[in-house]
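Below is one structure, written out as structure tokens; the observations come after it.
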Amino acid sequence: MSNNTTDTAGLNPAQLQAVQHLDGPLLVLAGAGTGKTRVLTHRVARILEQTSTPAYRILCVTFTNKAAREMRERIASLAADAAEGLWLGTFHSLAVRVLRKHASSAELGIDTNFLIVDSDDQHRLVRQILQEMHLDPKEVRPGKILPFIHGWKDRALEPERVPPEERRELNGLAVDVYERYQRRLQAMNGCDFGDLLLYNIKLFAHNPEVLQHYQQRFRYILVDEYQDTNMIQNLWLSLLAHQHRQLCCVGDDDQSIYGWRGAEIRNILEFQQRFTEAKVIKLEENYRSSQNILDGAAGVIAHNSDRLGKDLVATRGAGAAIGLAGFRDSRAEASAICDTIIKRHFQGLAYSAQAILIRAGHVSQMLETSLAAMRIPYRMYGGLRFYEREEIRDAVAYLRLIHRSEDDLAFERIINKPTRGIGATSQNKVRQYAESNGVSRMNAVQVMLEDQVLTGRAAAAFESFLALHRGWQERKEVLSGADLLHEVLQGAGVFDFWRASSKLEAETKLENLGELQSALAEFPSLEAFLEHVALVMDDDRTSTKDSVTIMTIHAAKGLEFDYVFLPAWEEGIFPNPRSVDEDDSKSLEEERRLAYVAMTRAKTRLDISFARERLMHGQVKATGPSRFLREIPESALETPLAKIFEKMAAGWAYGSSGYKTPRTATATETTLLRTNTPAVRNVTHGGTMGQRVQHARFGMGTITGLESQYYVIEFDEHGQKTISVDFITLLQT
DNA sequence: AGTGTCAGGATTTTT
DNA sequence: TCCTGACACT
């Protein structure tokens with residue numbers, strides 16, 4: 001093995017230290033743009049280089065498939081024989097790997113041939129269960145129950161261990177559904193995403209020898225984006241690291257923005273308490289952003305109390321001050337941003353160097369309208385991903401059913417899609433038969449046809465479907481995946497269905513199906529492909545065309561752009577009102593971290609803006625500037641906030657350079673504004689104490705309290721309620 | 001089975 | 001305002 005595979009050139013002393021320290025637990029605390037992943041990959045290469053063979057000595061865990069792919073490539077280029085001793089992947093993909101080997105040896109209720117149930121299937125399952133329990137779908141929807149189940153699984157809680165106070169939520173309903181849901185999953189040999197890790201933990205608990213085996217195998221464990229781990233992932237890590245205690249976690253507590261889906265920031269904050277011998281290395285030299293941008297972000301994040309603390313220093317110098325701009329309304333904001341984008345483009349800057357990052361999806365509407373009107377090419381991320389699209393999911397379901405005819409969820413998805421005369425009644429019959437006999441749906445259909453339980457039209461329809469299925473199973477052996485898919489879509493009438501469809505998107509859908517065929521061609525087997533799909537909700541392949549990026553801040557984490565726009569920094573949008581209202585400061589702190597993440601995406605120039613009125617849900621809503629704006633140190637700003645207020649008060653839509661866009665409101669907006677603007681106004685909406693209001697469901701009432709985004713209203717017939725301003729119509733006095 | 005109508009809701013989103 | 005899901009009607 002060559003002795004300079006870990007080329008340390010380009011690593012600063014702190015990074016070098018993080019790479020070379022190879023003894024005991026280590027926490028690498030690194031801010032945005034300090035080269036975390038780079039350090040981690042160098043460290044892996046260093047271990048590979050220093051410790052010769054036995055295979056499987058390193059376990060390297062990342063959070064997303066994208067990150068895993070990136071790391072794999074980097075490591076491969078650093079260390080020639082990386083593939084040999086290394087397990088690298090996401091928590092879930094590695095958990096699958098373990099279960100595929102050992103699931104049968106423990107009493108988990110599944111065997112090694114288990115199928116992975118994705119979120120769409122989870123929804124469908126829960127919906128069925130709720131129906132069986134005769135619950136009013138208006139009152140209880142899967143979306144109400146599933147977050148509980150996910151939350152519990154993320155904390156390694158099985159139904160019977162859910163603590164009493166949480167059982168009481170929804171009157172214990174969620175627990176009941178959880179139990180039924182779990183039984184259903186096991187009956188079909190299925191595992192949802194939460195189960196993958198939960199079963200690993202159970203497996204380790206019931207089979208200590210399996211745990212020991214992996215504890216011995218993985219001498220070194222490395223984790224990227226540690227601040228995003230949830231309780232069960234952390235438990236999994238702790239178990240595996242128990243013997244060698246060579247756990248290296250890399251992360252930034254200030255970038256923990258996934259608390260709402262179970263990430264546990266305490267994992268990183270309390271690392272040193274759990275590993276008292278741990279060494280902490282802070283990486284504070286920032287290669288991405290200018291000092292002004294860092295100072296601005298640091299000023300904001302300093303208002304959080306739950307943090308370990310870092311001082312980032314830019315290697316790139318002071319750079320431009322942060323642009324701040326206020327506008328009369330969202331339209332003016334959008335067109336000013338577009339003007340600036342075009343101006344910079346004419347100065348030679350690529351569109352792809354500019355990005356607009358937003359807090360919530362709906363903010364993009366106005367921006368998209370403006371971009372389109374000005375013919376600026378743009379890409380919107382965060383819509384439906386490739387593998388989540390209806391036509392793709394259907395096609396994949398066909399393949400799943402061909403691969404494993406016991407895949408009941410796939411069966412249910414496509415048995416009557418496109419319609420082939422198998423209605424709800426026949427499907428229910430099959431389902432009941434299958435469940436009471438403990439066989440798969442496909443199996444049930446066969447038997448029911450033989451026994452003539454199914455007759456007439458339905459029987460004929462099932463017959464021809466079975467014939468198709470049989471044919472496909474034979475063809476599977478001789479055809480490539482892509483060809484098989486083509487034949488299936490043809491035979492099942494999917495192509496015909498979309499060709500005949502009058503829907504606008506029909507053509508795109510056909511194109512997508514073509515894309516799926518080429519995706520299939522990249523996999524060695526149908527099985528490999530299906531496993532990939534189950535685990536990966538693939539990020540859309542980036543197009544080569546030069547275009548501006550619009551994405552949510554969440555989606556932008558880990559990315560960087562030269563020029564970044566952050567519109568709609570307004571109370572009511574950012575921070576999101578739901579986070580503000582919760583009594584603890586936790587969610588507000590997460591919003592603040594989100595602001596920090598957003599700001600630190602910019603390398604060269606950052607432009608933050610707000611509007612006083614925003615077109616939302618088809619209504620004009622008055623908004624105030626975000627509290628985060630006041631937290632940005634004035635020294636980092638091009639124009640102080642106070643000055644912007646002055647100019648705005650003087651009737652100007654004003655901002656810093658490139659943002660002077662006087663405008664007049666459209667006729668409709670003016671009318672709406674007038675009706676919504678009484679003398680003494682609630683800053684965010686326009687209501688006053690004592691004002692009469694109307695609500696779609698609760699009727700007439702009187703405002704008795706004003707809060708940031710809510711009114712307290714005494715309704716004439718429904719008593720006192722606190723209601724979001726969005727749903728209130730103010731009446732003229 | 002497919003289309004039309006009405007009510008209710010409207011952060012963030014990976015595996 | 002615009003999307004989704006439930007239900008009723010043809």
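Protein chains get the first letters and strands the later ones, always in sequence-line order, with residue 1 at the start of each. Because the structure is a prediction, the values reported are computed rather than measured.
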Specify the separation, in whole Å, of atom [atom1] of [X] and atom [atom2] of [N].
X: L197(A); N: dT14(B); atom1: CG; atom2: C1'; value: 13 Å
X: F497(A); N: dG2(B); atom1: CZ; atom2: P; value: 7 Å
X: L146(A); N: dT13(B); atom1: CG; atom2: P; value: 18 Å
X: L594(A); N: dT13(B); atom1: CG; atom2: C1'; value: 12 Å
X: I358(A); N: dT13(B); atom1: CD1; atom2: P; value: 9 Å
X: E264(A); N: dT14(B); atom1: CD; atom2: P; value: 21 Å
X: I553(A); N: dT13(B); atom1: CD1; atom2: P; value: 10 Å
X: M616(A); N: dA10(B); atom1: CE; atom2: P; value: 12 Å

Between the protein and nucleotides 1-3 of chain C, are there any N/O to N/O pairs under 3.5 Å, and if so, what are the atom names and distances?
{"residue": "dT1(C)", "atom": "O4'", "partner": "G618(A)", "partner atom": "N", "Å": "3.3"}

Using a cut-off of strictly less than 4.0 Å, decide whether [X] has a side-chain nitrogen or oxygen near OP1 or OP2 of [N].
X: T419(A); N: dG2(B); value: yes
X: S579(A); N: dT11(B); value: no
X: R261(A); N: dT13(B); value: no

With sequence neighbours left out, write down each residue that passes side chain to side chain donor-acceptor pair (under 3.5 Å) with T600(A), or none if nothing qualifies.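 Here no residue qualifies.
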Does R100(A) count as lying over the ring of F114(A), i.e. NZ or CZ under 6.0 Å from the six-ring centre, within 45 degrees of the axis?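 Yes - R100(A) lies over the ring of F114(A), closer than 6.0 Å to its centre and within 45° of its axis.
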What's the closest nucleotide to the side chain of F193(A) if the choices are dT11(B), dT12(B), dT15(B)?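 Closest of the options to the side chain of F193(A): dT15(B).
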N576(A) side chain, from C-beta outward: closest of dT15(B), dT11(B), dT13(B):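 Per side-chain heavy atoms of N576(A), the pick is dT11(B).
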Please answer whether dT15(B) and F91(A) are stacked, defined here as ring centres separated by less than 5.5 Å and planes angled under 30°.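 Check failed, F91(A) does not stack on base of dT15(B).
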Sequence-distant partners of [X], side chain to side chain contact (heavy atoms under 4.5 Å, CB included), two or more places apart:
X: R266(A); answer: E264(A), E270(A)
X: S93(A); answer: T90(A), L535(A)
X: Q186(A); answer: Y199(A)

Using only atom types and a distance under 3.5 Å, with no angle test, would you say the side chain of E571(A) pairs donor to acceptor with the backbone of R627(A)?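 Present.
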With heavy atoms under 4.0 Å as the rule, sort [X] into base, sugar-phosphate or nothing.
X: G361(A); value: sugar-phosphate
X: E590(A); value: nothing
X: N416(A); value: sugar-phosphate
X: F63(A); value: sugar-phosphate

Of E591(A) and R420(A), whose nearest nucleotide on DNA chain B comes first from the 5' end?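 The residue closer to the strand's 5' end, by nearest nucleotide, is R420(A).
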Specify the residue among G421(A) and H554(A) whose closest nucleotide of DNA chain B lies further upstream toward the 5′ end.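 The residue closer to the strand's 5' end, by nearest nucleotide, is G421(A).
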Counting only distance, no hydrogens or angles, is the base of dT12(B) paired donor-acceptor with the side chain of R359(A) under 3.5 Å?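 For R359(A), whose side chain was compared with the base of dT12(B), there is a donor-acceptor pair (under 3.5 Å).
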Examine Y258(A) together with H554(A) and report whether their ring centres are nearer than 6.0 Å.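 Distance test on ring centres: under 6.0 Å, yes.
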Contacts of H102(A) that satisfy ring-ring contact (aromatic ring centres under 6.0 Å, His included) - sequence neighbours left out: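 Counting only residues at least two positions away or on another chain, H102(A) forms a ring-ring contact (aromatic ring centres under 6.0 Å, His included) with Y214(A).
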